[in-house]
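Bear in mind that the values here come from a model prediction, so they are computed numbers and not experimental data.
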Amino acid sequence: MVLAALFAGVALTACKDDEPVAETTPGETSLTDDESYIGKAVGNFTAEEWYVGGEKGTTMNVTQGCYEDETPAVTEMGLTEAFNRGEQFFERNVTEFQAPFNGLGPAYVRKSCLDCHPAYGHGKRVTKYTAEWGNGYLLVVYHPVDGDNSDDGPYVSEVTGMPQTRAVSPFLPPIDESGIHLDWLPITAMADGSEISATAFPDGETYQLIYPELSIDRSAFNTSPTPWETGNGAVAFRLESTIGIIGTGLLDAIPDDSIKLEYQKQAAWWARNNIDVSEKLNPAFWDAAANDWAPTALYVNASSGKEQVNRIKKFTYAMTRGSLQDGAGANAIWNITNVSRSDRPKLYSTEPWAKAMSENQKVIAAIKADPQSPYHADGTDEGIRNAVYNLLLPSTNQFDNQWHNFEPEMSDNNFWAFQVWHRGLAIPRARNLQDPDVQRGKEVFMQIGCATCHRPSWKTKEDNYWNPQIIAAQNLQLPRYQNQTIWPYTDMIQHRLFMKNGIHGSWCRTTPLWGRGLSLINTGAEDRLHDCRARNEIEAIIWHGYSKKSDAYDSALRFYKLPKKDRDAVVKFLRAI
């Protein structure tokens with residue numbers, strides 16, 4: 001068995017059986033698609049593989065804007081109005097005071113969800129870090145272990161886990177963007193004995209791998225203390241782009257017991273081959289000795305302390321969340337734009353930032369000059385300092401609905417609509433499966449081992465989703481995807497690729513490949529991998545072979561040795577699914 005993770009997809013090409021197959025290179029786009037083949041078995045594709053999200057989760061639209069479509073389940077369940085209302089909370093800029101789109105203050109990451117997910121895709125690669133539209137990057141600031149360039153180590157506590165680089169007046173952002181420096185550097189040599197060239201295939205076709213070098217000035221941190229004064233005194237930085245959001249409700253519908261069987265299958269293979277399972281399956285998720293979940297794989301979903309359900313963590317690259325309704329989107333509407341709600345009434349902040357702002361004389365002076373400020377208190381310097389510190393200090397009780405007497409900014413019903421939208425985003429159907437090159441690409445994809453990590457299909461079974469109490473209390477439903485066969489091309493497990501300046505924590509969930517072939521026409525970009533370092537499929541695949549330690553090294557090496565015709569076929573396949 002060979003493990004691989006081909007985080008890929010760009011545009012699509014088209015052909016009919018009686019027409020020549022168009023030659024394309026990464027970046028080219030063709031919108032032609034012969035619809036007469038849809039729903040029919042063709043070559044090595046079954047009829048159902050056209051409907052990658054099943055009948056309840058697939059949109060037949062494959063033109064620009066298709067990433068925004070609702071699933072058929074949304075329509076059938078009469079949830080379209082809620083879906084459209086929830087979409088507004090994704091697209092609208094959050095302001096300080098204009099309800100129902102208020103939030104932001106006093107510090108935030110972005111002013112809207114759409115900033116990080118342009119045109120509903122993942123973020124774009126940028127060359128300068130500013131919290132503007134298209135920059136889906138989240139900064140990762142941590143204390144490295146095993147050397148200053150280690151990918152591993154605990155997050156610093158001085159800034160939030162998703163570090164904020166913007167603030168409302170008169171406060172200073174926890175990290176000043178002017179002190180963030182980002183460079184993209186070329187790879188001139190591979191690592192750890194890799195047999196893959198850094199620049200060209202054996203037949204002479206060239207490519208160029210690039211990677212990010214990120215640094216942040218000490219003076220850019222408006223916290224007391226700064227990260228260099230805590231932990232082990234070393235501070236490292238990584239970039240992590242936002243994930244794609246299309247089809248995430250369908251991924252939520254994959255049963256935990258099915259994912260457990262996938263872990264057991266992979267663990268059994270490694271054990272049979274006398275390979276340490278903990279080197280191939282993250283021990284924080286899988287207890288090899290018990291052949292069962294590790295305790296830290298379980299995520300406790302809770303709402304207002306009234307309901308607790310254990311779910312397996314499966315969202316975000318680091319797999320930190322265990323249900324979509326308490327996962328990436330539900331979390332982000334709170335901690336990216338700092339919009340509070342009844343189950344998260346606390347401020348997304350840190351004590352070191354609150355302390356720094358309470359000690360900043362310019363901040364105190366500005367508040368003193370504004371008697372209407374909620375931080376004005378008795379108008380004395382000392383009174384203002386105490387108010388700033390206590391009001392900016394995050395609550396220690398997640399379920400304290402009286403946090404500083406602030407009213408939640410998002411109503412429970414609007415949060416329900418936001419979750420209907422998030423769980424209701426469709427996945428576009430497959431394209432061009434009748435193309436012989438696409439069929440050959442699928443065959444090669446399987447032969448070289450890519451499908452081991454990029455498992456083609458799953459069954460959703462009953463889709464007994466977890467419903468937050470603030471939604472369940474209103475007897476409101478969310479889109480449901482019972483008994484669907486879906487084709488996301490992911491094993492829902494983390495692997496390690498050991499790239500230069502890689503992902504924080506080393507382990508990364510296998511990214512679903514479905515729908516990625518429409519990224520270019522939807523978002524205007526086709527960047528891939530966790531930090532958008534790959535500008536097309538070829539670069540993404542070759543990065544998997546940067547190091548012999550990579551779990552995907554053998555598959556990447558096999559791809560590297562393919563003739564150009566087969567390499568192109570794999571790319572066409574990735575664009576089609």
Donor-acceptor check, side chain of [X] to backbone of [Y], threshold 3.5 angstrom: yes or no?
| X | Y | answer |
| --- | --- | --- |
| T523 | S519 | yes |
| K313 | T296 | yes |
| R385 | I364 | no |
| T511 | L529 | no |
| N522 | L518 | yes |
| T337 | I333 | yes |
| Q494 | Y317 | yes |
| N232 | V145 | no |
| W184 | V126 | yes |
| D252 | R423 | no |

For the residue pair [Y] / [X], report whether a side-chain donor-acceptor contact shorter than 3.5 Å exists.
| X | Y | result |
| --- | --- | --- |
| N282 | R496 | no |
| D276 | S278 | yes |
| Q164 | Y348 | no |
| H504 | D152 | no |
| N467 | Q325 | no |

Does anything in residues 96-106 pair up under side chain to side chain donor-acceptor pair (under 3.5 Å), and if so which pairs, sequence neighbours excluded?
none

With sequence neighbours excluded, tell me which residues meet side chain to side chain contact (heavy atoms under 4.5 Å, CB included) with [X].
| X | answer |
| --- | --- |
| K260 | Q264, W286, D292, W293 |
| C532 | H122, R125, Y137, S241, D527 |
| A191 | Y546 |
| P352 | E158, T223, P225, T350 |

Can you name the closest pair of heavy atoms from [X] and [Y] and give their distance?
| X | Y | result |
| --- | --- | --- |
| S224 | A356 | N-CB, 3.7 Å |
| Y67 | G515 | OH-O, 2.7 Å |
| G123 | P118 | CA-CD, 4.1 Å |

Pairs where [range] contributes a residue and the test salt bridge (charged side-chain N to carboxylate O under 4.0 Å, His left out) is met, not counting sequence neighbours:
| range | value |
| --- | --- |
| residues 228-243 | D151-R238 |
| residues 107-118 | K111-D115, K111-E132 |
| residues 82-95 | E81-R85 |
| residues 170-189 | R166-E177 |

Answer with yes or no after comparing the ring centroid distance for Y155 and H143 against a 6.0 Å cut-off, counting only values under it.
no

Are F171 and Y375 close enough that their ring centres sit under 6.0 Å apart?
yes

Do the ring planes of [X] and [Y] sit parallel (below 30°), tilted (30 to 60°) or perpendicular (above 60°)?
| X | Y | result |
| --- | --- | --- |
| F90 | Y120 | tilted |
| F89 | F101 | tilted |
| F221 | W228 | perpendicular |

Cation-pi, Y211 ring and K500 (6.0 angstrom, 45 degrees):
yes

With R341 as the cation and W334 as the aromatic partner, state whether NZ or CZ is under 6.0 Å from the six-membered ring centre and within 45° of the axis.
no

Verdict with supporting geometry, R344 and N331, side chain to side chain donor-acceptor pair (under 3.5 Å)
CA-CA 9 Å; R344 292 196 182 190; N331 195 43; 2.4 Å; yes

Please name the residue in the list D491, D551, T490 that meets the side chain to side chain donor-acceptor pair (under 3.5 Å) test with T510.
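With T510 as partner, side chain to side chain donor-acceptor pair (under 3.5 Å) holds for just one option, D491.
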
Just verifying a value: how many Å separate [X] [atom1] and [Y] [atom2], rounded to the nearest 0.5 Å?
| X | Y | atom1 | atom2 | value |
| --- | --- | --- | --- | --- |
| I312 | M319 | CD1 | CE | 9.0 Å |
| I175 | D217 | CD1 | CG | 11.0 Å |
| W514 | H454 | CH2 | NE2 | 14.0 Å |
| I259 | I493 | CD1 | CD1 | 8.5 Å |
| N335 | L138 | CG | CG | 8.5 Å |

Using a strict cut-off of less than 4.0 Å between a Lys/Arg side-chain nitrogen and an Asp/Glu carboxylate oxygen, indicate whether E359 and K355 qualify as a salt bridge.
yes

Those residues at least two apart in sequence (or on a different chain) that pass salt bridge (charged side-chain N to carboxylate O under 4.0 Å, His left out) with D381 are K368

Given side chain to side chain donor-acceptor pair (under 3.5 Å), test S411 with N413 step by step and report yes or no.
CA-CA 5 Å; S411 71; N413 194 265; 5.7 Å; no

Kindly write out the residues that satisfy side-chain hydrogen bond (donor to acceptor under 3.5 Å, both in side chains) with T316, not counting sequence neighbours, or none if the list is empty.
T320

D192: which residues meet the side-chain hydrogen bond (donor to acceptor under 3.5 Å, both in side chains) condition with it, sequence neighbours left out?
S547

